[in-house]
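Just follow the structure's listing: the first ligand is 1, and inside any ligand the first atom is 1. What you see below is based on every heavy atom in this structure, not just the backbone, and it leaves out hydrogens, waters and symmetry mates.
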Amino acid sequence: MAEIDLPLIDVSQFPQELEFEGAHFHNHPEVAKLEEACKEWGFFRVVNHGIEPDLLQKVMSVSRDLLSMPAEVKERVQTYNAVQTYNRSESFYFLDMPNPDLIQQISRKIWPEDGNSNFCETIDKYSLFLSDLQTKITKSILASLGLDPRTFYQCDFEKCKATLFINKYSCDEKCRIGDEALASHADPGCLTILYNDEREGLEIRSKQGKWFNVRPAPDSFIVNLGDSMKAWSNGRYRSADHRVVYRGWMNRISLPFFITPPLDAPDLGSPGARGRE
Ligand SMILES: O=C(O)CCC(=O)C(=O)O
Ligand SMILES: [Fe+2]
């Protein structure tokens, strides 16, 4: 299986002025790199994102605590699933993030004695950081299409919804290297910010239809564009097929943060003639 290192996007290099109205930045070097990555792969890896490695470790650790609870405890949570499409896997999802009340409700169901404030604070802090990161990335994607950052508000990107998943893929002795743990798919929404443990297994399909194994890299996030962003860019940007393949591990944890358009933002849901050709 061919391997790739995803294109690296350094968030600290994005122009600060992206926050201001009326500026155009598609010639900025980091924004140009982003444009290339979105066209070529629809996937990139984000570094210098400002999230402390310590917080990332804590997020993994509280996710493991949650997933290692007995099945009958996990089943108290409505959004706990042994999802069929995730072969031999289980997941929790948290809607409308950041959402401290929901995190507490879920935590109290799992740990009724004390509500596990460490879990709540860690997941809350993490989702606040990720929301901020997704805003920066989305504005930079708009800039890379040659658009004014105000488009973010004019086209209702700020109303997008974020859902955090905590997934665990488990394999037993019957698993064989190359078996699909998550079948090939494209994400339907705007953007996905994915953090996973250092176990290999994520594969993405190139423009030419060839599968590549994504080499893991610590302390960074994988970002991919979904079908809504592809449609919104009038097909200029890819929403690439990807899958998870078993590579010899017993367990693999991944935390996708899905950014999806709200139902009341028709402008975002439909492709328009925007951006430069
Ligand atoms: O677990 C992964 O690395 C990828 C997950 C994914 O693609 C998804 O949940 O849509
Ligand atoms: Fe996906």
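Residues that satisfy the side chain to side chain contact (heavy atoms under 4.5 Å, CB included) test with Pro218, not counting sequence neighbours, are Glu198.
Under the 4.0 angstrom criterion for non-hydrogen atoms, Tyr169 is in contact with ligand 1. Put simply, no part of Arg243 is less than 4.0 Å from ligand 1, judged by heavy atoms.
Listed by chain and residue number, the protein N/O/S atoms under 2.8 Å of the Fe ion (ligand 2) are His185 NE2, Asp187 OD1, His242 NE2, with waters left out.
Between the side chain of His242 and the backbone N or O of His185 there is at least one donor-acceptor pair closer than 3.5 Å. Side chain of Asp197 to backbone of Ile253: a donor-acceptor contact under 3.5 angstrom is found. When atom types are taken as modelled, the side chain of Ser107 and the backbone of Ile103 share no donor-acceptor pair closer than 3.5 angstrom. Remark: side-chain polar atoms of Lys161 are not paired, donor with acceptor, to backbone N or O of Pro262 under 3.5 angstrom.
Heavy-atom contacts of Val244 reach the following atoms of ligand 1: 1 (O), 2 (C), 3 (O), 4 (C) (cutoff under 4.0 Å). Here is the list of ligand 1 atoms found below 4.0 Å of a heavy atom in Arg252: 1 (O), 2 (C), 3 (O). Against a heavy-atom cut-off of under 4.0 Å, His242 is close to the following atoms of ligand 1: 7 (O). The ligand atoms of ligand 1 that sit less than 4.0 angstrom from a heavy atom of Phe258 are 8 (C), 9 (O), 10 (O). Residue-ligand proximity, Pro256 to ligand 1, at heavy-atom distances under 4.0 Å covers atoms 9 (O). Ligand-side atoms of ligand 1 in range of Asn196: 3 (O), range being under 4.0 angstrom from any heavy atom.
Shortest non-hydrogen contact noted between Lys109 and Arg76 is O-NH1, 2.7 Å. Nearest heavy atom pair, residue Ile141 against residue Cys38, reads CG1-SG, 4.5 Å. Here the shortest heavy-atom pairing between Arg243 and Leu182 reads CB-O, 3.2 Å.
Only side-chain heavy atoms of Asp187 come within less than 4.0 Å of ligand 1; its backbone N, CA, C and O stay farther off. Within the 4.0 Å heavy-atom criterion, the part of Leu182 lying near ligand 1 is the side chain and not the backbone.
Each of Leu6, Leu34, Leu8 was scored for a side chain to side chain contact (heavy atoms under 4.5 Å, CB included) with Phe44, with one residue passing: Leu34.
The aromatic rings of Trp232 and Phe157 lie perpendicular to each other, with more than 60° between the two planes, well past the 30° mark.
Checked by atom type, the side-chain pair Glu75/Tyr80 shows no donor-acceptor distance below 3.5 Å.
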